[in-house]
Amino acid sequence: MSKTAPPATEQEHKPSNFLRQIIEADLAQGIHTQRRWAGSPGDAAHHATAPLDIAKIRTRFPPEPNGYLHVGHAKSICLNFGLARNYQGICHLRFDDTNPEKENLEYVNSIMDAVKWLGYDWNGAPDAPPYQASDYFEFMHRAAVYLIEQGLAYVDEQSAEDMRINRGDFSKPGVDSPFRSRSIAENLQRFADMRTGGLADGSAVLRAKIDMASPNINMRDPAIYRIRHATHHHTGDSWCIYPMYTFAHPIEDALENITHSICTLEFEDQRPFYDWLMARLSEGGLIQTPPPRQYEFARLNLTYVVTSKRKLAQLVNDQHVSGWDDPRMPTIVGLRRRGYTPASLQMFAERIGVTKSDSWIDYSTLEGCLREDLEFKAHRAMAVLDPLKLVLTNWDEAFGAGHLEPCTLPALPHAEDGDNEPAQRHFTIGKEVWIERDDFAEVPPKGYKRLSPPVMNADGSVTPGTIVRLKGGYIIQCTGCLKDANGAVSEVHATVFPDTKSGTAGADSVKAKGVITWVGVADGLQAEVRLYDRLFSEAHPDAGGRDFLSVLNPHSLKTITAYVEPSLAHAKADNKFQFERLGYFVADRVDHQAGRLVFNRAVGLKDNWAK
Ligand code: ATP
Ligand code: MG
């Protein structure tokens, strides 16, 4: 079997977690089997005569289109879309655009791209349009009027300050608003005034009438509608009142037939209101039953990055990075440009799992997933990042002046017999090659297996220069070096053993101490290589209210000119490579083009960060 993909059983085996257990129990009890689906979101009447919902579960990913998605969102996407995929369900992409300000089309498009790139279709069909919460404004308004009619909501015209004081706190119950006892008729009239634009921003809110003494402050008559004379990017000027998130979100879930509404832990305290609202609207026959239920999981906290949209925006706006897609950014566009693959992010989401308590995930876990994904997929190539010239002094004598010997190596060394036509890389070796500066040591440290010159010992004997293989080429023996005026090594000299070419009968006729990578001077190509490191020098950049900008890593980007083997002339933007012994690199999707090679280091070969 080919090693290019993990065995099927490994892919199919998903560790269980509390969400899977809930879903499996719900499926076993058939809780959702009687729900109907009219092909589009809607109220109880809309779905009443429709066929039974073919989706066994419905989940959703509901971003606010107010920024680019980051690695935390990737976790939520993989979780919600992954659960739907595993349990024959459907996951919805819904733009939570109930806030008229801050949202724009650039973000809407970038979010759709990110979800697609991660490998998911939404709303049950490959090219389905996403849902938009603002399409439900009419129903939300009707639901609000219904609550007023039932005596379950009132228009409060206290000042914001009074409202805050009267809400009480953890140790003190709330105090009823003087407006709490208004008649239903008066409330209907005032809410209509709010709706028709007669009241100024902030002068009134609609509140659910629940319990001002509730130990859960979220149940002390939460605001459900506010006045905002603002143009909405989708509904224009149709509305000057907008639903609050806590009111809007459960309704969005209900209209879309969501079965499991999965959110992060900070919404736990809002679940009682979610359930209260769903119960009231179910009783009134406004929404289909059983209503959706909310489940909370711990958000992703990743070391060495920040994942607040506001802070990410600050990095971009203050030009600490080149943009949202800077390869150091933990945004999905940044990770993609850095060389991350959808499979590596899915693996990451799977590996970190879902839990109910907050914790930090080490950045190296993310890097490990990328390494694992690329190990069997990324074509190999040789590159020299810190070039030093090596001259094979007997080359002309051995092969003839100017001779270039063709060499090949497999693009994927792990591809096994039976794989189609293993791809080969072609390059040549000649009298001069580039090697890494640190593959030569005049005075070698103990155990050094690379190039070092002959040494004259105290007793007059000579320890010969080291013998190493130039990978895919010949075995050579180091004879010395030249130095520049500053005493720095400027050229290394060696002799070649002519019969030792890799893959020939004589390949093993001389014993080599080690193998080094190299690039021919004759056919090597220059490339710009961007060596990225952690964006922050502290694991928790914004811990304890610290200004995260004060711990930016000044060495997070180093740009160098390297030599790479000629096969990379054909590299296309986004192609990933393992530069042997150096790490995984990707052809930059923005700047790389034919004739201008630009590679980003995605991740090193080993986890070097810890040492
Ligand atoms: P931010 O706080 O950075 O603005 P947000 O949570 O407000 O992010 P939304 O667009 O509201 O961003 O989030 C969409 C979905 O992504 C929500 O369901 C939210 O729970 C989830 N999400 C956001 N951040 C994380 C995270 N760090 N880990 C897991 N899920 C997350
Ligand atoms: Mg949010």
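What you are looking at is a predicted structure, and each value in this text was computed from that prediction instead of being measured. As a basis for the values below, the full set of heavy atoms in this structure was taken, side chains included, without hydrogen atoms, waters or symmetry mates. Read the numbers this way: they start at 1 and go in the same order the structure lists the ligands and their atoms.
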Under 4.0 Å from a heavy atom of [X]: give me the atoms of ligand 1 that qualify, with their elements.
{"X": "Ser76", "answer": "16 (O), 21 (C), 30 (N)"}
{"X": "Pro62", "answer": "14 (C), 18 (O)"}
{"X": "Thr307", "answer": "3 (O)"}
{"X": "Ser308", "answer": "3 (O)"}
{"X": "Phe61", "answer": "14 (C), 15 (C), 16 (O)"}

Distance-only N or O hit between ligand 1 and [X], under 3.5 Å:
{"X": "Glu64", "result": "yes"}
{"X": "Lys309", "result": "yes"}
{"X": "Lys75", "result": "no"}
{"X": "Phe297", "result": "no"}

Just go through Ala74, Pro65, Gly72, Pro330 and tell me whose heavy atom is the nearest to atom 29 (C) of ligand 1. Gly72
Apply the side chain to side chain donor-acceptor pair (under 3.5 Å) test between Glu256 and each candidate in His92, Arg60, Arg58; give the one that qualifies. His92
Tell me which pairs pass salt bridge (charged side-chain N to carboxylate O under 4.0 Å, His left out) where either residue lies in residues 295-304, with sequence neighbours left out. Glu266-Arg299, Arg271-Glu296, Glu296-Lys356
Residue portion contacting ligand 1 (non-hydrogen atoms closer than 4.0 Å) for His70: side chain
Parallel under 30°, tilted from 30 to 60°, perpendicular over 60°: which one fits the rings of Phe137 and Tyr242? perpendicular
Take the angle between the ring planes of Trp324 and Tyr68 and call it parallel below 30°, perpendicular above 60°, tilted in between. parallel
Under the rule for side-chain hydrogen bond (donor to acceptor under 3.5 Å, both in side chains), what residues qualify as partners of Glu283, not counting sequence neighbours? Arg280
Pairing of Arg530 and Asp591 as salt bridge, 4.0 angstrom limit: yes
Contact between Arg328 and Leu557 at the side-chain level, heavy atoms closer than 4.5 Å - yes or no? yes
Do His234 and Asp135 have side-chain N/O donor and acceptor atoms under 3.5 Å apart? yes
